[in-house]
A.B. asks: 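Take this structure, written in structure tokens, and hold onto it; I'll ask about it next.
This is a predicted model, so every value here is computed, not measured. As a basis for the values below, the full set of heavy atoms in this structure was taken, side chains included, without hydrogen atoms, waters or symmetry mates.
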Amino acid sequence: MPDQQTRSRPAAPAPRSARHRVTDRLAAAAPALGAYAAVRAVGLLVLWAAASVAGKDALHLLGGRWDSVWYQRIAEHGYGYTVTLPDGAIHPDLAFFPLLPALERGIAALSPLTAEGAGIAVAWLAGLAAAWGIHAVGARLHGQRAGVLLAALWGAYPTAFVQSMAYTESLFTALAAWSLYAVLQGRWIAAGALCVLAGLTRPSAVALIAALAVTAAAVLVRAYRQGESKVLRRHARMLLGVCLAPLGWLAYVVYVGVRQDSPLAYFEVQAQWGNSIDGGRALAAFVIGLPPPAALGLCAALALLGWLVVLCVRQRQPLPVLVYGIGIVVVSLIGSGYFGSRPRLMMPAFPLLLPPAVALAGLRTTARTGAVVAVAALASAGYGAWTLLGPGPP
């Protein structure tokens with residue numbers, strides 16, 4: 001007969017199902033999703049008001065201009081469209097990666113939405129998924145409050161209006177954030193699979209691929225130095241994840257090469273759009289060509305960017321997070337493309353916002369924190385409305 005101690009021992013809790021774990025994580029992320037949604041709602045309301053005054057359709061501004069039109073044309077007709085500009089420049093649609101138009105086409109086929117509406121829907125849903133992933137990374141590294149503020153600050157980024165447009169930034173950031181979170185958890189195959197999708201979304205996936213590769217190399221070097229036996233076997237899942245990571249990006253580069261019958265066709269297409277890698281010469285020439293006050297202002301902005309990078313290093317961010325953030329910045333600055341797009345290209349670098357998020361989390365009163373976020377949200381909303389009502393692309 002069992003003794004009293006055995007009879008009174010509590011039963012081990014039943015393991016929670018995957019569905020319950022997702023529900024728990026969503027509940028934990030609810031404050032971040034609410035804060036992000038509120039910040040973006042401010043931006044959309046300001047845009048709607050400004051567009052109404054200007055006699056324009058706010059939804060068309062979000063889904064029917066600039067790159068959005070190229071993605072929708074691919075969704076509706078596939079690749080093969082080329083524009084010849086008055087100056088003789090050729091712009092083929094092969095410069096645009098396939099995941100967003102594929103999603104637009106699928107949603108439009110299964111719902112009443114047009115390709116334009118599907119693109120906006122993808123962007124808004126992906127924005128929430130990105131905020132969730134950003135919160136997950138921030139909360140894991142610096143606690144729940146910092147995670148919530150990190151998501152809110154990303155929603156108040158100066159060019160955050162693009163997060164609500166039928167562009168790829170929200171989708172790419174969602175995939176990148178969750179891939180980095182998977183790496184932090186040691187789930188390398190999931191990280192590699194998400195990186196495959198990111199590589200089918202934007203060329204800047206090279207920063208995420210580098211983050212996984214550099215982190216894995218550091219793990220292997222440390223293992224060899226510590227004299228671990230059977231290193232490759234012990235880290236087989238990590239190596240598999242790293243091998244998966246570049247497949248999406250490489251698949252599209254190969255597709256363009258085969259379609260154009262040239263192994264370097266993808267890079268030739270990007271050059272036709274003026275997006276060659278020049279090491280920063282175009283950026284330097286642009287700064288030099290500005291009037292002195294504007295040049296000083298831009299140099300100050302670049303100095304602020306450099307200071308944020310230094311803060312990320314001093315914060316000792318985990319290697320994959322740090323390499324990814326710096327990689328996005330570098331990729332955004334060393335190209336020869338349109339200067340006005342560079343702030344948008346840097347928007348997926350959410351690790352740059354970790355230092356200010358942690359600083360805000362340390363403020364004593366919630367009112368001060370809320371006031372800072374509110375000011376940032378209003379400034380971002382005003383800038384977004386001004387940009388979208390203007391003639392040039394973001």
Side-chain angles (χ1 to χ4, degrees), residues 40 43-44 46-48 50-51 54-87 89-105 107-108 113-124 126-127 130 157-173 200-204 269-276 282 286 328 331-332 335-348 380-394:
R40 293 306 316 129
L44 292 172
V46 171
L47 172 63
W48 175 80
K56 296 185 178 181
D57 182 356
L59 278 180
H60 180 69
L61 294 175
L62 295 174
R65 302 178 74 192
W66 304 312
D67 291 4
S68 299
V69 178
W70 286 88
Y71 286 116
Q72 289 154 28
R73 185 177 182 87
I74 295 168
E76 294 170 343
H77 305 289
Y79 286 102
Y81 181 69
T82 299
V83 170
T84 302
L85 302 182
D87 63 359
I90 298 175
H91 285 181
D93 60 6
L94 288 169
F96 297 90
F97 278 56
L99 184 57
L100 176 59
L103 291 174
E104 290 175 340
R105 183 171 186 170
I107 293 173
L113 294 174
T114 62
E116 179 179 321
I120 294 175
V122 169
W124 290 16
Y157 184 86
T159 57
F161 61 91
V162 179
Q163 297 169 19
S164 301
M165 296 180 68
Y167 270 47
T168 56
E169 274 74 14
S170 293
L171 180 59
F172 174 76
T173 306
L200 292 171
T201 306
R202 289 190 60 78
S204 49
V269 165
Q270 292 294 342
Q272 289 174 320
W273 278 83
N275 291 330
S276 300
F286 181 83
I328 291 291
V331 169
S332 303
S336 60
Y338 174 57
F339 177 82
S341 294
R342 294 177 195 251
R344 167 176 65 86
L345 299 179
M346 278 188 277
M347 187 170 59
S380 173
Y383 178 71
W386 176 77
T387 302
L388 285 170
L389 290 171

A.B. asks: Report yes if the side chains of Leu44 and Trp48 come closer than 4.5 Å at any heavy-atom pair, otherwise no.
C.D. replies: no
A.B. asks: Decide yes or no for Tyr81 and Pro92: does some side-chain heavy atom of the first lie under 4.5 Å from some side-chain heavy atom of the second?
C.D. replies: no
A.B. asks: Of all the heavy-atom pairs spanning Ser68 and Leu62, show the shortest one and how long it is.
C.D. replies: OG-O, 3.9 Å
A.B. asks: Using the ring pair (Phe, Tyr, Trp, His ring centres under 6.0 Å) criterion, which residues pair with His91? Sequence neighbours excluded.
C.D. replies: Trp273
A.B. asks: Identify the two heavy atoms, one from Leu61 and one from Ala51, that lie closest to each other, and give their separation to 0.1 Å.
C.D. replies: CD1-CB, 4.1 Å
A.B. asks: Working to the nearest 0.5 Å, report the span between OG1 of Thr201 and CZ of Phe172.
C.D. replies: 7.5 Å
A.B. asks: Starting from the C-alpha separation in whole Å, work towards a yes-or-no answer on side chain to side chain contact (heavy atoms under 4.5 Å, CB included) for Leu388 and Leu47.
C.D. replies: CA-CA 8 Å; Leu388 285 170; Leu47 172 63; 3.7 Å; yes
A.B. asks: Please name the pair of heavy atoms, one in Arg342 and one in Ala282, separated by the smallest distance, quoted to 0.1 Å.
C.D. replies: NH2-CB, 4.1 Å
A.B. asks: Minimum heavy-atom separation for Ser380 to Tyr157, with atom names?
C.D. replies: OG-O, 2.8 Å
A.B. asks: Look up atom OG in Ser332 and atom CE in Met347, then write down how far apart they are to the nearest 0.5 Å.
C.D. replies: 10.5 Å
A.B. asks: Any idea how Trp70 and Phe96 line up, ring-wise: parallel (<30°), tilted (30 to 60°), or perpendicular (>60°)?
C.D. replies: parallel
A.B. asks: Can you name the nearest heavy-atom pair linking Ala95 to Gln270, along with the distance?
C.D. replies: O-NE2, 3.4 Å
A.B. asks: Backbone N or O of Tyr79 within a donor-acceptor pair of the Asp93 side chain at under 3.5 Å?
C.D. replies: no
A.B. asks: Strictly distance-based, threshold 3.5 Å: is any side-chain N or O of Arg105 a donor or acceptor partner for the main-chain N or O of His77?
C.D. replies: no
A.B. asks: List the steps, then state whether side chain to side chain contact (heavy atoms under 4.5 Å, CB included) holds for Ile107 with Val122.
C.D. replies: CA-CA 9 Å; Ile107 293 173; Val122 169; 3.4 Å; yes
A.B. asks: Of all the heavy-atom pairs spanning Leu94 and Val269, show the shortest one and how long it is.
C.D. replies: C-CG1, 3.8 Å
A.B. asks: Is the shortest heavy-atom distance from the side chain of Leu59 to the side chain of Ile120 under 4.5 Å?
C.D. replies: yes
A.B. asks: Should His60 and Glu116 count as side-chain neighbours, where that means a heavy-atom distance under 4.5 Å?
C.D. replies: yes
A.B. asks: Counting only pairs under 3.5 Å, give me each side-chain donor-acceptor contact of residues 158-171, with atom names and distances, residues two or more places apart or in other chains.
C.D. replies:
residue : atom : partner : partner atom : Å
Gln163  : OE1  : Tyr36   : OH           : 2.8
Gln163  : NE2  : Trp154  : O            : 2.8
Ser164  : OG   : Arg40   : NE           : 3.4
Ser164  : OG   : Arg40   : NH2          : 3.2
Tyr167  : OH   : Asp67   : N            : 3.3
Thr168  : OG1  : Arg202  : NH1          : 2.8
Glu169  : OE2  : Arg202  : NH1          : 3.2
Glu169  : OE2  : Arg344  : NH1          : 2.7
Ser170  : OG   : Gln163  : O            : 2.9

A.B. asks: With heavy-atom distances below 4.5 Å as the criterion, would you say the side chains of Leu389 and Lys56 are in contact?
C.D. replies: yes
